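Below: the structure, in structure tokens.
First the proteins, then the strands, lettered A, B, ... as listed; each starts at 1. Everything quoted here is computed from the prediction, not taken from an experiment.
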Amino acid sequence: MAKRSELGVTPQSEDFSAWYNELVLKAELADRGPVRGTMVLRPYGYRLWELVQAELDGRIKATGHENAYFPMLIPESHLRREAEHVEGFAPELAVVTHAGGHDLEEPLVVRPTSETVIGELFARWISSYRDLPLLMNQWANVVRWELRPRLLLRTTEFLWQEGHTAHASAEEAAAEVLTATRFYEEVARDCAAISVITGDKTPRERFAGADRTVTLEAMMRDGRALQAGTSHDLGTNFARAFDIDFTNAEGAVELCHTTSWGMSSRLIGGIVMAHGDDSGLVLPPVLAPFQVVVVPIGREGELAGVLEAARSLALDLAAAGIRVKVDERDHVSPGFKFNEWELRGVPVRIELGPRDLAASKATVAERLAQGREQVPLADVVPDMPARLDRIQQALLERSKRFREERTFSVESWGGLVEAVSVGFASALHCGTEECERRIQDETTATPRCIPWDAPEETGPCAACGKPSAYGRRVIFARAY
RNA sequence: CGGGGAGUGGCGCAGCUUGGUUAGCGCGCCUGCUUUGGGAGCAGGAGGCCGCGGGUUCGAAUCCCGCCUCCCCGACCA
């Protein structure tokens, strides 16, 4: 039966954290690098990231943004120009002080994000209102020294996309933040099948140097929150610090309004924790490196015919645009393969053996629903797109239901404490930093966002009883 | 930085308390045969400076001192 040592993982209910750590390694998504906190994305995990990238990149380009690449090393003095920004990042910086065999005159910071370099270049490139808006994006790695790393979720180096734009007016910048937020929602919902809550960050939780930060918060299967994407309205803060200005149509010089927005490889960790179960990963079909795996079954003598049928089926599936793999390994048993592909979260498994072929059928098993069914061979390919789509929808539904069932409207301190121990608390809040801090200190929960879709509401703060701020409820949760 | 745990073939571990043969087990790996519809079986085989440095001792994986690294839990964060 179960041999946890090789393919099995600790059950979620027993130890969610151990479940996650074991799964990421055993499913071969990622591994640890030689430097503490660094991460290797293995081919399976990287493929997942590439699929996220493709979805995101298409949306970024479709909304008029262009990709570019900016350098990883930033002069330390540059970072200092925006006061709040440095302050926010100072503890996490990796600094190069020695290079080319000498101590450097000025230390170089390995980018924790690129607002400062890009700001510098934007200032050079923008002079007229005709140069605006400037809509740019880069795919890059960034380094933030993490005290407590976790694979995919919090590593010292990670991959992301960072959009940076400059606009002539505050209104345009505000609209840009919404544009970015919209495609993050699409990627989370329509690709990752993760239901998210979109809203504003409270002042204390805002990005260092931003006037406004919008976030997408997802719920993991342990009830904790994960920020799936974020976009910032930087106002004129960086424009002022980096002299990003332009001459308007009337001949007057004005500061630009800039934005930045990012989604990172952390989303992969989010997919693991939003959908996975005790058997392993459950990948959404849209992003699964393999949407279908075909496992040929047969004894010697029968196997040649089975393999031929399996390959032919796979070719037809591939021709229909489906990512498919035939597991032709002959040194592991079919049973082993079933378990392994379940661990790796492949949405659909097709078992093909002599019995199936004799009946002109295939045995189809879905990862999410478990269970098996016999499908006429001729129907397998034509039915597959709808099947994958149905699975995708079911996953999203489950994600949504799970979050809703674990989100509680609370009116008191006790209610808040109880709610954040299992999920999200929706509460009126006074909006003071002291109260936020007290909640964090005593429950480890933080305000995740002020949801856009929450109805207007006022009343006493659930934590301290003072009058509420924001005009609506705030979501509190423990977060990754 | 605080608290906890661990470093022994590729992986997971035992051995250490109470020093003493050739350092053992499971998994994986290699070869052969038999197998193949939910983690295959048998036989044979390869693979170890027991984290590093010092010390005690006739003798150290085991005892003592120092150091390093990793993991988990908390404080900072996409």
Please measure how far the P atom in B:G48 lies from the corresponding atom in B:C11, and state the result in whole Å. 13 Å

What's touching nucleotides 43-46 of chain B from the protein side, N or O pairs under 3.5 Å?
none

Ignoring hydrogens and geometry beyond distance, is a side-chain donor-acceptor pair present between A:Glu146 and A:Thr155 at under 3.5 Å? no

Watson-Crick or G-U wobble mate for [N], both contacts under 3.5 Å:
{"N": "B:G37", "result": "none"}
{"N": "B:G59", "result": "none"}
{"N": "B:A43", "result": "B:U31"}
{"N": "B:G7", "result": "B:C68"}
{"N": "B:G19", "result": "none"}
{"N": "B:G2", "result": "B:C73"}

Atom CZ of A:Arg224 to atom P of B:A78: distance rounded to whole Å? 14 Å

Which residue, A:Thr444 or A:Gly335, contacts RNA chain B at a nucleotide closer to its 5' end, judged by nearest heavy atom? A:Gly335

Taking the nucleotide of RNA chain B with the nearest heavy atom to each, does A:Leu352 or A:Glu146 sit closer to the 5' end? A:Leu352

OP1 or OP2 of B:U36 under 4.0 Å from side-chain N/O of A:Arg299: yes

Distance check: side-chain N/O of A:Gln440 vs OP1/OP2 of B:C76, anything under 4.0 Å? yes

Would you indicate what [X] reaches in the nucleic acid, counting non-hydrogen atoms under 4.0 angstrom: base, sugar-phosphate, or nothing?
{"X": "A:Thr446", "value": "nothing"}
{"X": "A:Pro112", "value": "nothing"}
{"X": "A:Arg329", "value": "nothing"}

Checking A:Ser231 side chain against A:Ala180 main chain: does a donor-acceptor pair fall under 3.5 Å? no

A:Arg349 side chain to A:Glu366 main-chain N or O, any donor-acceptor pair under 3.5 Å? no

Would you say A:Arg438 and A:Trp413 make side-chain contact, with heavy atoms under 4.5 Å? yes

Taking the side chain as every heavy atom from C-beta outward, state whether A:Leu151 and A:Leu25 have any pair of such atoms under 4.5 Å apart. yes

Hey, is A:Lys201 close enough to A:Glu217 for a salt bridge, meaning N to O under 4.0 Å? yes

Under 4.0 Å between a side-chain nitrogen and a carboxylate oxygen: does that hold for A:Lys61 and A:Asp57? yes

Under 3.5 Å, sequence neighbours excluded: what are the donor-acceptor pairs made by side chains of residues 291-304 of chain A?
unit_1: A:Gln291; atom_1: OE1; unit_2: A:Arg323; atom_2: N; d: 2.7
unit_1: A:Gln291; atom_1: NE2; unit_2: A:Pro285; atom_2: O; d: 3.0
unit_1: A:Glu302; atom_1: OE1; unit_2: A:Arg299; atom_2: N; d: 2.7

Looking at A:Phe424, I'd like to know if the NZ or CZ of A:Arg403 sits under 6.0 Å from its six-membered ring centre while staying within 45 degrees of the ring's axis. no

Do A:Arg266 and A:Phe158 meet the cation-pi criteria used here (NZ or CZ under 6.0 Å from the six-membered ring centre, within 45° of the axis)? no

Would you say the side chain of A:Arg372 and the base of B:G37 hold a donor-acceptor pair, judged only by whether the two atoms sit under 3.5 Å apart? no

Stacking between A:Trp160 and B:A78, defined as ring centres under 5.5 angstrom apart with planes under 30°, is that present or not? no

Check nucleotides 69-72 of chain B for protein N or O atoms closer than 3.5 Å to its own N or O atoms and list the pairs.
unit_1: B:C71; atom_1: OP2; unit_2: A:Arg36; atom_2: NH1; d: 2.8
unit_1: B:C72; atom_1: OP1; unit_2: A:Asn21; atom_2: ND2; d: 3.4

